[in-house]
Amino acid sequence: MSKQELPVLASECCTPLIAEPIAEEEAAEMARMFKALGDPIRLRLLSLIGAHESGRRVGDGVCVCDLTGAFEVTGPTISHHLKVLREAGLIDSQRRGTWVYYWIIPATLQRMTGVLALPETLVADAR
């Protein structure tokens, strides 16, 4: 399976990490996603894409030209970080003419959130 062909599972399938152990294969897959967010530039890029209304609509997207101005690094560096996010399955993109447009993949972010979510019993106990 190529890096761009990650299976996207529904959030109901992911057991919260704290409720029961995560399977080895899923842990490796999820670690790659979390590792992609371990860089401040990539975390900010994901945040910028998600903050744009069009970045939250699959197939619509935010132009890369609207993202590069927020950073003090070169365009190729931004492209590299976007590639890492795309290969981790966090964002997707489409070339339109000379520009590339990026959007978040909501199902992947839900899956990541689901793995770290506290079971309701623990949330209630914490209150």
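Note that this is a predicted model, so its numbers are computed, not measured.
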Could you tell me whether the side chain of [Y] reaches within less than 4.5 Å of the side chain of [X], counting heavy atoms only?
X	Y	answer
Asp66	Leu48	no
Trp99	Val64	yes
Leu109	Leu46	yes
Arg44	His81	no
Leu67	Ile49	yes

Look up atom [atom1] in [X] and atom [atom2] in [Y], then write down how far apart they are to the nearest 0.5 Å.
X	Y	atom1	atom2	value
Ile91	Thr108	CD1	OG1	11.0 Å
His80	Arg42	NE2	CZ	5.5 Å
Ile105	Arg111	CD1	CZ	11.5 Å

For [X] and [Y], indicate whether the former's side chain and the latter's backbone hold a donor-acceptor pair under 3.5 Å.
X	Y	result
Arg56	Trp103	no
Ser93	Tyr101	no
Arg32	Glu87	yes

Cluster overlap Leu37 with Leu82, hydrophobic side-chain contacts below 4.5 Å: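 Same hydrophobic cluster.
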Would Leu43 and Val84 show up in the same hydrophobic cluster when neighbours are defined by side-chain heavy atoms closer than 4.5 Å?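 No, separate clusters.
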Distance-minimising heavy-atom pair for Cys63 and Cys65: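 So the minimum-distance heavy-atom pair works out to SG-SG, 2.6 Å.
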Name the one of Ile104, Leu90, Asp92, Asp39 that satisfies side chain to side chain contact (heavy atoms under 4.5 Å, CB included) with Leu85?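 Output: one option passes, namely Leu90.
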